[in-house]
2 protein chains.
Amino acid sequence: MLTADLVILTIRDGTLCLLVVERGNEPFRGCLALPGGFLRGDESIGETAARELSEETGVDAEELHLQQVGVYSAPDRDPRSPRVVTCAHLAIAPGLPLPSAGSDARAAQWLPISEALELRDGLAFDHDEILRDALELARAGLQFSTIATAFCSPEFTISDLREVYECVWDVELDRSNFHRKVTEAEGFVVPTGRRRSTVNGRPAALYRAGDATSLSPPMMRPSR
Amino acid sequence: MLTADLVILTIRDGTLCLLVVERGNEPFRGCLALPGGFLRGDESIGETAARELSEETGVDAEELHLQQVGVYSAPDRDPRSPRVVTCAHLAIAPGLPLPSAGSDARAAQWLPISEALELRDGLAFDHDEILRDALELARAGLQFSTIATAFCSPEFTISDLREVYECVWDVELDRSNFHRKVTEAEGFVVPTGRRRSTVNGRPAALYRAGDATSLSPPMMRPSR
DNA sequence: ACAAAAGTGTTTTCCCTACACCCATGA
DNA sequence: TCATGGGTGTAGGGAAAACACTTTTGT
């Protein structure tokens, strides 16, 4: 029995949030859990994850970042059966609307990461461990890859991108130096020529994600 | 059906080598493949990998570095059945003796990486892809983690460690600067106080691996 | 004109590289 | 004492941090 579980992250109102669903069945009925589903006979595990992602968020997985976190296979991780193995995936999405507690009757909601990590009873199964591992992966990924753009809409400003780094790393970055690094890194962002007006201040230039997947030189996370 | 396949790397005579076995059964009979085996009911996939590793190399997996590479689950990856999913692992070992073509009658051998990547017919199944991914992981890992010490014996010299980086990255590094970086990085290596005499030259101080698992500042791989 | 946010320049600091040099040993 | 590899010192270049400054908008 192989399942794909999803750690779906997004940024809402300057806060890093996780998509959780409330379980309708035993075990862990009423408990919060990561969305997920079973591998079908004709698909790869990546396709399973992509399918679940689009079912949960309504977003086509083509555009989003989706990556394996790891396999979780402790024999007692699922009380029903010793052999439910899950392959956890990390999905990064731009700000999405509150998911409708949809057809499958599962209440889905965005939960700030800080709350998700401090739930009284934790998440169902070993999902706490999965979440911690996925978060670590996302944080490290920002340094060496261009996945940060996956948190942004197709068109974004440099400040949008900086907000991603600041939310995920929980740090503050220097505006000027960030701007320089990002615009000078080859293939990270490409200017679209358009601008976005804000309530006050000079309108910011809009960019879209570039071709590069790895970021060099890396954007090092401040040591403390 | 879940299996664990192993990319076991070691350094022999200054060359990065891979442990391969010759398949005794169809499919891919006579073809070279990565060692691996099936998940048992009472173990996690990590335990499966550790068990296979010690069966193949005779080394207890406690000491070695073992890490998941990813899940390979394309429906057609195994001609026998659409549902043989494998979780590939990367194992890093200090120089080991030539494995004896042992009890299970499979001829095992160390193959230089350069040859493994250029086999006329490739490795069995999707093991070429797995090897490339695992290699990439190892190369990247050297930059940000302390896994390089896993290639070395319990006690090693700084030159031993430098050889690891040079073999895996296929570059030459400056002796002095490498020495400084490694000895100054907190928790990477600890001096044992002992020394190793060589045929000529000053004896080198011996070190053992430190507590740290992540390496900061990172050891950046030269761009070219 | 002013506030606010975007974006640019400039200085300072720090790290990495390159390479010269000293150290300890065997022959 | 010479050859060989281990290990340390140091000057110079380049990148990043810190921060002052200019630009462009809405009100």
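In the text below, chain A, chain B and the rest are named by the order of the sequence lines, each starting its count at 1.
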- Task: Indicate the ring-plane relationship of B:Trp169 and B:Tyr165, choosing parallel, tilted or perpendicular according to the 30° and 60° boundaries.
- Result: perpendicular
- Message: Looking at A:Asp60, I want to see if its CG is surrounded by more than 12 non-hydrogen atoms of other residues, nucleotides or ligands under 6.0 Å.
- Response: yes
- note: B:Arg162, atom CZ; D:dG5, atom P; distance rounded to Å ~ 11 Å
- Query: Between atom CG in A:Leu173 and atom P in D:dA16, what is the gap in whole Å?
  - Reply: 14 Å
- Query: Among D:dT24, D:dA18, D:dG7, which nucleotide sits nearest the side chain of A:Asp174?
  - Reply: D:dA18
- Note on the structure: Between B:Arg196 and B:Thr157, the two heavy atoms sitting closest are NH1-CG2, 3.8 Å
- Task: Mind running salt bridge (charged side-chain N to carboxylate O under 4.0 Å, His left out) on A:Arg51 and A:Glu55 for me, showing each step along the way?
- Result: CA-CA 6 Å; A:Arg51 179 170 52 75; A:Glu55 285 175 12; 3.6 Å; yes
- Message: Between P on C:dA24 and CZ on B:Arg202, what's the gap in Å once rounded to a whole number?
- Response: 5 Å
- Nearest-nucleotide comparison on DNA chain C, the residue closer to the 5′ end among A:Ser176 and B:Lys181: A:Ser176
- Query: To the side chain of B:Pro203, which of D:dT25, C:dT25, C:dA6 is closest?
  - Reply: C:dT25
- Grab the CD-C1' distance between A:Glu172 and D:dA17 for me, whole Å please. 15 Å
- Query: Tell me: CZ of B:Phe156 to P of D:dG6, nearest whole Å?
  - Reply: 15 Å
- Item | Under-4.0 Å side-chain N/O to phosphate OP1/OP2 contact, A:Thr157 with C:dA6 | no
- With no angle test and no hydrogens, is the base of C:dA27 tied to the side chain of B:Asn200 by a donor-acceptor pair under 3.5 Å? no
- Message: Regarding D:dA18, can its base be found pairing with the side chain of A:Asn177 as donor and acceptor, where the two atoms are less than 3.5 Å apart?
- Response: yes
- Item | Separation of atom CZ in A:Arg175 from atom P in D:dT22, rounded to whole Å | 15 Å
- Message: Measuring centre to centre across the rings, with the benzene-like ring taken for any Trp, is A:Tyr72 within less than 6.0 Å of A:Phe125?
- Response: no
- Item | Protein-nucleotide distance (A:Met219, atom CE; D:dA15, atom P), rounded to Å | 15 Å
- Message: Rounded to whole Å, please give me the gap between CG in A:Leu206 and P in C:dA6.
- Response: 12 Å
- Query: Looking at the side chain of A:Arg180, which of D:dG6, D:dT24, C:dT10 is the nearest nucleotide?
  - Reply: C:dT10
- Query: Are OP1 or OP2 of D:dT8 and a side-chain N or O of B:His179 less than 4.0 angstrom apart?
  - Reply: yes
